[in-house]
Amino acid sequence: MSDSKQDKGVSVVSETVCQEVMGRSDAFTAVENVFSAMAKDTAYNFPVIREAIGHADALYGFKSGFDRDGMVLGLKSGGYWPGNIEKGLTNHQSTVILFDPDTGKLKSLVGGNYLTAVRTAASSAVSIAHLARKDAKVLGMVGAGHQSTFQLRAAVEQRDFEKVVCWNFHPEHIPNLEAVAKELGLPFESVTREELCAQADVIITITSAFEALIEKDWVKPGTHIACMGTDTKGKQEVDAKLLTVAKVFTDELAQSITIGETQHAVAQGLIKESDITPIGEVINGTKPGRTSAEEITVFDGTGVGLQDLAVASVAADLAEAKGLATYFNL
Ligand code: NAD
């Protein structure tokens, strides 16, 4: 019997191992590649299931898809359990399950909590790489929760930022983000939302808000905004009217208009679906991205299953190659 990966059985890649093997640059490449494949129609997301289960106030669901370029098939299962924090657990829980696209056999079980943060940060970083002005100097962070530190670390690798400005709904959380900025050697200032818009060249919103935090008239020409928090019907982070004066991009059109930041502007008839460009088109060079220094660009990062599968597949490959995966047979 050969000693192939297949013969060892199903690989298990723990949260700890994911943190050990999965770096930001691998995540960036995996996410950029999958956005490109989505725009070429060689990778597609299956319809998302997300349900309130009527127990523990939990929201539970599946995100799944198939990437024929990367030969990655599987799903991320999990959701949001608001009571977890009192149990010493993360509120967001997820696990990625990968299958062999040639046979349908279960291939890997991969912890999805750390990878969700890494792939979400990689998504806004990809948007900054392709859409922000090259001379962007000030990064504005709206939000200072769990995801925000991952967002900050990934963003600063894309431009020569000289300063971070931040606003958060819960001011008591701001020191967590400030500590990361300090570690990265960046001056940090806590400001009002309006002042943040006046200073920032790139803004990342990563909150649980259900109403606009950023007004259209506050945003200065040339700003790039990555809206990363809106991933559910009803959520909102920026003024819907802002989308009428910005060039709007997204990870996936179908999610953007239903659960993403553009849902409000589209529902109100302020913009049309055809006004929104999948970022994969920009990556592939089939549609333009930013075309002037004055343009405002908005990226609606809704978070697609294929992002999860892409980073989980890389993490599984790295863990297996480094002998850090464990195995079982069903
Ligand atoms: P968290 O609970 O750790 O932080 C929530 C953040 O939202 C905090 O900054 C908090 O102060 C702020 N907030 C809470 N209520 C608010 C309100 N009414 N108005 C303005 N701000 C408010 O959550 P997290 O893990 O950092 O995730 C942040 C958001 O990102 C969540 O909404 C989550 O669903 C979303 N998310 C999106 C993706 C994606 O791919 N797009 C991936 C993961 C998480």
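Side chains included, hydrogens not; waters and symmetry mates left out as well; all remaining heavy atoms used. Start at 1 and go down the list; that is how both ligands and their atoms are numbered.
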(message) Strictly below 4.0 Å, N to O, side chains only: are Arg153 and Glu183 in salt-bridge contact?
(response) yes
(request) Before accepting this row, confirm whether a basic side-chain N of the pair Lys76/Asp308 lies closer than 4.0 Å to the acidic partner's carboxylate O. (result) yes
(request) Check the pair Phe169, His173 against ring pair (Phe, Tyr, Trp, His ring centres under 6.0 Å), reporting the backbone distance first and the verdict last. (result) CA-CA 9 Å; Phe169 185 73; His173 295 158; 9.8 Å; no
(message) So, using side-chain contact (heavy atoms from CB on, under 4.5 Å) as the criterion, who are the partners of Asp231 when residues are at least two apart?
(response) Lys235
Atom pairs and distances, side-chain donor-acceptor, residues 191-200, under 3.5 Å, sequence neighbours left out:
residue	atom	partner	partner atom	Å
Thr192	OG1	Glu195	N	3.1
Arg193	NH1	Leu213	O	3.1
Glu195	OE2	Gln199	NE2	2.8
Gln199	OE1	Lys163	NZ	2.8

Can I get a per-line list of side-chain donor-acceptor pairs under 3.5 Å for residues 266-279, giving both atom names and the distance, sequence neighbours left out?
residue	atom	partner	partner atom	Å
Asp275	OD2	Lys272	N	2.7

(request) Heavy-atom cut-off of under 4.0 Å around ligand 1: list whichever protein residues fall inside it, by chain and number. (result) His92, Arg119, Thr120, Gly143, Ala144, Gly145, His146, Gln147, Asn168, Phe169, His170, Ile206, Thr207, Ser208, Ala209, Leu213, Met228, Gly229, Asp231, Lys235, Gly301, Thr302, Gly303
